[in-house]
Amino acid sequence: MAQKPSIPKGTRDFSPSEMVKRNYIFDLIKDVFRLYGFQPIETPAMENLSTLMGKYGEEGDKLLFKILNSGDFISKVSDEALAEKNPNKLTPQISEKGLRYDLTVPFARFVVQYQNEITFPFKRYQIQPVWRADRPQKGRYREFYQCDVDVIGSNSLLNEVELVQIIDDVFSRLKINTVVKINNRKILAGIAEIVGENERITDITVAIDKLEKIGLEKVNAELAEKGVSDLAIERLQPILALEGSSVEKAAQLEKILEKSETGLKGVGEIEKLFSYLGQLGLNTDIELDLTLARGLNYYTGAIFEVKAKDFEIGSICGGGRYDDLTGIFGLPNVSGVGVSFGAERIYDILAQLNLFPQKTADTTKVLFANFGEKEEAYCLPVLAELRKNGINSEIFPDKAKMQKQMTYANKKEIPFVVLAGESEIQANSFTLKNMETGEQKSLSAGELIKILSF
RNA sequence: GUGGUUGUAGUUCAGUCGGUUAGAACGUCGGAUUGUGGUUCCGAAGGUCGUGGGUUCGAAUCCCAUCAUCCACCCCA
């Protein structure tokens, strides 16, 4: 036998039955996005490396898939660069394109590029695959889809409110119990300021992000290891120990952060957001979580993360406000906010919890059995008529044994089979068989179409 | 990038102490049944035991390397 074919690490094929389920998720999410006035865009799978590099931190740059230049790319490389074997120097000479790492940065590029054609605020959604050269593991792939919604060109907190409503709407429809965790980068910045470690905001947030997972002691150890002073760690303790409802936490923070202008601004934003959301009667729980940091370093305001309550899989949706993402591309002072739904993890949850709907409109409703040439000709006009009426139908393409044709219908879960052979042609009729009950009826072409239209 | 796990038929897995011709179930195909399926019965096809090297009279089995895989960490959806 020839060598067994395979696909690259961390990628997957999707079978017809998987696609039906995936489309259920995508369609549902799109429906909600449109409901709030968002419009679709698409961008290319590959971007110029200059667009991508440096936007996701050092770690992110390493995880970018880079595309080799075409043609005789190696002869153009200088001998020193080759001899040095330094990837940072060599890579720019042999690769100038990369696969997109997320949808937000390409979106920022899009906005800057078409700024004169776009009407702001610009509300767009985008559902496309992204690629990361990460080691795959559970719930983690090298190619996966993101479903992004962003609104750019508006500072209003109303956008944050709407995004939480969208999250609530999507997961209510999917029947997944979730909790939306909300924090604000300005609060985190304020904390770093109060504690006296302004410079170390990233180290501090990354460390406290792990609080729930590794515990207070290890977080403190990691902070010390990163070079945060003992005094700062000590000052941090009361903040990490904050308890109570989201509103109560915010009130306490107001006091703690009273000397930090940024921090107070963040608290103010949080209070307003929670007050609006409180009036909306959401199905989803929302809570202020000070340990929520989120890795991507372009966030500047609110940050969101959604976790499933009944399933351990990490976050299934996340996002936040970024005040200056387009600045790097030459369009400063444009604020945006958005969230991204992780379709693959949502799929895993729905599959495990058996929450996919049983019936879908995607599959074939009726199969015409094939008895031979004369019978084919007899069936074709009716088949065409059924399709005109929007009924998914097909005819078995070969004159095969009944058993094979029936098995085909079973495997594809086709609920009806039409039998039309010699005797039906004589009687100018069709036999409709219900594959679930086994019941058979003799019908005229008109009756057949009428019955199947339901 | 770091640590570990597992690689045997299309799939899930057996395979004893290293022993001669590597098994099962499911799936596939054919037949019982030339116009009636899901159940049943019979039969068949399907293998470089991940790959390369080593030890041995003899390796799916032991050793080394390599590739792949899954899991955890870093990070993240």
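Naming: A, B, ... by sequence-line order, numbering from 1 per chain.
- By the 5.5 angstrom centroid cut-off and the 30-degree plane limit, A:Phe341 is classified as not stacked against the base of B:rA77.
- Relative to the side chain of A:Lys401, the nucleotides B:rA32, B:rC76, B:rG35 differ in distance, and B:rA32 lies closest.
- The nearest whole Å value for the distance from the NZ atom in A:Lys404 to the P atom in B:rG37 is 15 Å.
- Look at B:rG19: its Watson-Crick or wobble partner, with both distances under 3.5 angstrom, is B:rC57.
- Among the atoms of the strands shown, none is found under 4.0 Å from any heavy atom of A:Glu305.
- Taking the C1' atoms as reference points, B:rA59 lies 37 Å from B:rC42, given to the whole Å.
- For A:Glu344, the listed nucleotide lying nearest its side chain is B:rA77; candidates were B:rU36, B:rC74, B:rA77.
- Pair assignment for B:rA24 gives B:rU12, based on Watson-Crick or G-U wobble hydrogen-bonding distances that are each under 3.5 Å.
- Annotation for A:Glu217: atom CD does not count as buried by contact number, only 12 or fewer foreign heavy atoms lying within 6.0 Å.
- Comment: A:Asp285 engages A:Lys309 in a salt bridge, judged by a side-chain N to carboxylate O separation of less than 4.0 angstrom.
- Comparing the P positions of B:rC63 and B:rU5 gives a spacing of 13 Å, expressed to the nearest Å.
- Nucleic acid contact class of A:Glu422 (heavy atoms, under 4.0 Å, all strands): base.
- Within the 4.0 angstrom heavy-atom criterion, no nucleotide atom of any strand lies near A:Ser340.
- At a threshold of 4.0 angstrom between heavy atoms, the contacts of A:Tyr408 with the nucleic acid are absent.
- The interatomic distance linking A:Tyr378 (OH) with B:rG35 (C1') rounds to 15 Å, in whole Å.
- Between A:Lys374 and A:Glu422 there is a salt bridge, since a side-chain N of the basic residue sits under 4.0 Å from a carboxylate O of the acidic one.
- Looking at heavy-atom distances under 4.0 Å, A:Gly60 makes no contact with the nucleic acid at all.
- B:rU6 and B:rC70 have their P atoms separated by 15 Å, given to the nearest Å.
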Pairs under 3.5 angstrom, nitrogen or oxygen only, protein versus nucleotides 69-72 of chain B, please.
| unit_1 | atom_1 | unit_2 | atom_2 | d |
| --- | --- | --- | --- | --- |
| B:rC71 | OP2 | A:Lys138 | N | 2.9 |
| B:rA72 | OP2 | A:Gln137 | OE1 | 3.2 |

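- Between the NZ atom of A:Lys62 and the C1' atom of B:rU2 there is a distance of 11 Å, given to the nearest Å.
- A donor-acceptor contact under 3.5 Å is not formed by the side chain of A:Gln403 with the base of B:rU36.
- Residue A:Gly318 is classed as having no contact, given no heavy-atom separation below 4.0 Å to the nucleic acid.
- Checked for salt-bridge contact, A:Arg124 and A:Asp148 meet the test: a charged N lies under 4.0 Å from a carboxylate O.
- Positionally, the nearest nucleotide of RNA chain B for A:Glu375 lies more toward the 5' end than for the other of A:Glu222 and A:Glu375.
- In this structure, A:Gln440 and A:Glu143 both approach RNA chain B, and ranking their closest nucleotides by distance from the 5' end singles out A:Gln440.
- In this entry the distance linking CD of A:Gln405 with P of B:rG38 reads 14 Å, nearest Å.
- Nearest to the side-chain atoms of A:Arg345 among the listed nucleotides B:rC76, B:rU36, B:rC74 stands B:rC76.
- The same atom, C1', is picked in B:rG4 and in B:rA14; the two are 25 Å apart, to the nearest Å.
- Of the C1' atoms belonging to B:rA24 and B:rG47, the separation is 15 Å, rounded to the nearest Å.
- Taking atom CZ of A:Phe171 as the reference point, atom C1' of B:rA77 lies 11 Å away to the nearest angstrom.
- Rounded to an integer number of Å, the gap from A:Ile425 CD1 to B:rG35 P is 13 Å.
- Classification of A:Glu344 and A:Arg22 as a salt-bridged pair holds, one side-chain N sitting under 4.0 Å from a carboxylate O.
- Residue-environment remark: CD (A:Glu413) stays at or below the threshold of 12 foreign heavy atoms within 6.0 Å.
- In this structure, B:rG7 and B:rC67 make a Watson-Crick or G-U wobble pair, each of the two defining distances being under 3.5 angstrom.
- Atom OH in A:Tyr299 sits about 11 Å away from atom C1' in B:rC76, given to the nearest Å.
- A:Glu436 comes within 4.0 angstrom of a base, heavy atoms only.
- No close placement of the A:Phe341 and A:Tyr125 rings is indicated, their centers lying 6.0 Å or farther apart.
- Nucleotides B:rG30 and B:rU69 place their P atoms 35 Å apart, quoted to the nearest Å.
- Salt bridge absent: A:Lys55 and A:Glu47 never bring a charged side-chain N and a carboxylate O closer than 4.0 Å.
- Counting distance only, with no hydrogens placed and no angle test, the side-chain atoms of A:Thr407 and the base atoms of B:rG38 include no donor-acceptor pair under 3.5 Å.
- Comparing B:rC73 with B:rC67, their P atoms sit 24 Å apart, to the nearest whole Å.
- When each of A:Arg321, A:Glu269, A:Glu160 is tested with A:Asn184 by the rule side chain to side chain donor-acceptor pair (under 3.5 Å), just one qualifies, namely A:Glu269.
- Taking a cutoff of 4.0 Å between a charged side-chain nitrogen and a carboxylate oxygen, A:Glu394 and A:Lys412 qualify as a salt bridge.
- Here the rule is side chain to side chain contact (heavy atoms under 4.5 Å, CB included) with A:Gln165, and of A:Ile167, A:Leu163, A:Val161 only A:Val161 fits it.
- Contacts of residues 409-418 of chain A with RNA chain B (heavy atom under 4.0 Å): A:Asn410, A:Lys411.
- For B:rU21 and B:rU55, the C1' atoms lie 25 Å apart once the distance is rounded to whole Å.
- Using modelled atom types and a 3.5 Å distance limit, the side chains of A:Glu424 and A:Thr431 yield a donor-acceptor pair.
- One can place CG of A:Asp209 at 10 Å from P of B:rC74, the figure rounded to the nearest angstrom.
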